[in-house]
J.: 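Got a structure here, written out as structure tokens. Questions coming.
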Amino acid sequence: MDIYKKTSLALFALMLIGMGVPLAAAQSTGILYQYSAGIVSLETDDIAIKVTGNDQAPHFHWWDPNTPDVDYHVMFAKIFEANDTNANEVYDHGVDTMIGAPFALPTTGWDFSGFETVEDGGNVTEVHFNFTTEATFDPRPAGSDFGNLPSMPEFEVDIEVNVHMYLENPGEFKFDLTLAGWNWTFDDSLLVLMFTVTESAHGQSHGDSNPSGFQRDGTKFQFENGYFEYNETALAANNTLQVRASYGEPSGEYSGNAIFLSFEYFGNETLEYDPVLGILPSVPGLVLDPMTLGIVAGAAIIVILAVLLLKRK
């Protein structure tokens, strides 16, 4: 009698497992999002994000909600033109020199567009929004007599930061940068976008230390389980531009590590570029999908029934 009780319990357990896995797979809530006090918040099962475009330059702040110990911070710090001393099309920090003054991104005047979303079966599968600003830039270095530089009048710079999140890639988000109105000083120099990367204890609004394990792996800058991935091409008037990256210690008021993205001359066209930020997926253990689990459970039932028949004989 005990053998039949044990067999019944085993069959019941297998049924529960087979039923439970499809239910667990169906519990995805899509992308959660909100906007409050100048901060956009986004969250999936794999990443939690805050994007700030008010009272500071654009600031991307994210962490792994499954292990919320460390927060990562990337700030879009400044834009500047630089000479290309060795003609390698890369900004070599400490070698190439800045031309004129840097354009430090404004800390106010960023307008939020509102959300655009896509839904599927009641779940939000895509979220899109942007922060935009228009600022006057004076490229003349303070106290400079210009030396051999040409006349450098003020000009208007328009910047959009367009953020895109897709549930099919639940551990990352893209931020498109659109830059219009840049007035080049020389047509053989580089335009450099500088970002800073820091980390903090979870819940801190700003990064306060260098990111642990910062390293470059191909087009990814990795730090623990966070990453900044750059695209090797950009667009300007539908023309493809090569983008090259370098990194180093920032100077002045900035902390952490600096990532420098260099763009070749693109005239008075609008620059469009799209880096990616995210969380590296954890290494999974043995996970069976519902179909595989059903096959395994069915095979187990057949084996158990065969054992019972043999014992009855």
J.: Given the rule in the side chain to side chain contact (heavy atoms under 4.5 Å, CB included) test, do Glu199 and Ser212 qualify, once you have shown the distances and angles that lead to the verdict?
T.: CA-CA 8 Å; Glu199 70 177 30; Ser212 302; 3.1 Å; yes
J.: Is the distance between the ring centroids of Phe112 and Tyr35 under 6.0 Å?
T.: yes
J.: Would you confirm whether the ring centroid of Phe228 sits within less than 6.0 angstrom of the ring centroid of Tyr72?
T.: no
J.: Compute whether any side-chain donor of one residue and acceptor of the other, for Asp71 and His202, lie under 3.5 angstrom apart.
T.: yes
J.: Rounded to the nearest 0.5 Å, how far apart are OH of Tyr273 and CG of Leu179?
T.: 13.5 Å
J.: With Lys78 as the cation and Phe103 as the aromatic partner, state whether NZ or CZ is under 6.0 Å from the six-membered ring centre and within 45° of the axis.
T.: no
J.: Can you say whether the rings of Trp184 and Phe266 are parallel (under 30°), tilted (30 to 60°) or perpendicular (over 60°)?
T.: perpendicular
J.: Is there a donor in the side chain of His164 and an acceptor in the side chain of Asp176, or the other way round, less than 3.5 Å apart?
T.: yes
J.: Can a donor-acceptor pair be found, under 3.5 Å and without considering hydrogens, that links the side chain of Asn231 to the backbone of Pro275?
T.: no
J.: Step through the shown structure and confirm whether more than 12 heavy atoms of other residues, nucleotides or ligands are within 6.0 Å of CD on Glu156.
T.: yes
J.: Using only atom types and a distance under 3.5 Å, with no angle test, would you say the side chain of Asn66 pairs donor to acceptor with the backbone of Asp45?
T.: yes
J.: Would you say CG of Asn238 has more than 12 non-hydrogen atoms from neighbouring residues, nucleotides or ligands within 6.0 angstrom?
T.: no
J.: Find the distance between CZ (Phe129) and OH (Tyr33) and round it off to the nearest 0.5 Å.
T.: 12.0 Å
J.: Donor-acceptor check, side chain of Trp62 to backbone of Ile47, threshold 3.5 angstrom: yes or no?
T.: no
J.: Give, for atom CZ of Phe137 and atom CD of Glu134, the distance between the pair rounded to the nearest 0.5 Å.
T.: 15.0 Å
J.: Any non-hydrogen side-chain atom of Leu235 less than 4.5 Å from a side-chain atom of Asn239?
T.: no
J.: Is there a side-chain contact between Trp182 and Ile79 in this structure, where contact means two heavy atoms from C-beta onward sitting under 4.5 Å apart?
T.: yes
J.: If you measure from CZ on Phe214 to OG1 on Thr198, what distance do you get to the nearest 0.5 Å?
T.: 11.0 Å
J.: For the aromatic rings, using the six-membered ring if either is Trp, is the centroid distance between Phe175 and Phe131 under 6.0 Å?
T.: no
J.: Can you confirm if the aromatic rings of Tyr227 and Phe221 lie within a centre distance of less than 6.0 Å?
T.: no
J.: Determine whether Val40 and Leu42 make a side-chain contact, defined as any pair of heavy atoms from C-beta on separated by less than 4.5 Å.
T.: yes
J.: Would Phe195 and Leu261 count as a side chain to side chain contact (heavy atoms under 4.5 Å, CB included) here? Give the steps.
T.: CA-CA 8 Å; Phe195 301 86; Leu261 301 179; 3.7 Å; yes
J.: First locate atom CG of Asp96, then atom CG of Leu190, and finally report the distance between them rounded to the nearest 0.5 Å.
T.: 6.5 Å
J.: Verify side chain to side chain contact (heavy atoms under 4.5 Å, CB included) between Leu177 and Glu160, making sure each step is shown before the conclusion.
T.: CA-CA 6 Å; Leu177 298 174; Glu160 290 187 11; over 6 Å; no
J.: Is it the case that His206 and Gln204 place a side-chain donor and acceptor less than 3.5 Å from each other?
T.: no
J.: Evaluate the side-chain proximity of Tyr247 to Glu249: yes if any heavy-atom separation is below 4.5 Å, no if none is.
T.: no
J.: I need the Leu167 CG to Asn123 CG distance, nearest 0.5 Å.
T.: 7.5 Å
J.: Would you check if there is a donor-acceptor pair between the side chains of Asn83 and Ser189 at a distance under 3.5 Å?
T.: no
J.: Would you find a donor on one side and an acceptor on the other, under 3.5 Å apart, between the side chain of Thr133 and the backbone of Gly109?
T.: yes
J.: Show your working on side chain to side chain contact (heavy atoms under 4.5 Å, CB included) between Leu271 and Leu241 and close with a plain yes or no.
T.: CA-CA 9 Å; Leu271 177 70; Leu241 302 175; 3.8 Å; yes
J.: Side-chain donor-acceptor pair under 3.5 Å between Ser246 and His93, yes or no?
T.: no
J.: What I'd like to find out is whether the side chain of Met165 reaches to under 4.5 Å of the side chain of Lys174, using heavy atoms alone.
T.: no
J.: Using a distance-only test with no angle check, is there a side-chain donor-acceptor pair under 3.5 angstrom linking His73 and His59?
T.: yes
J.: I'd like to check Phe60 versus Phe173 (side-chain heavy atoms, cut-off strictly below 4.5 Å). Are they in contact?
T.: yes
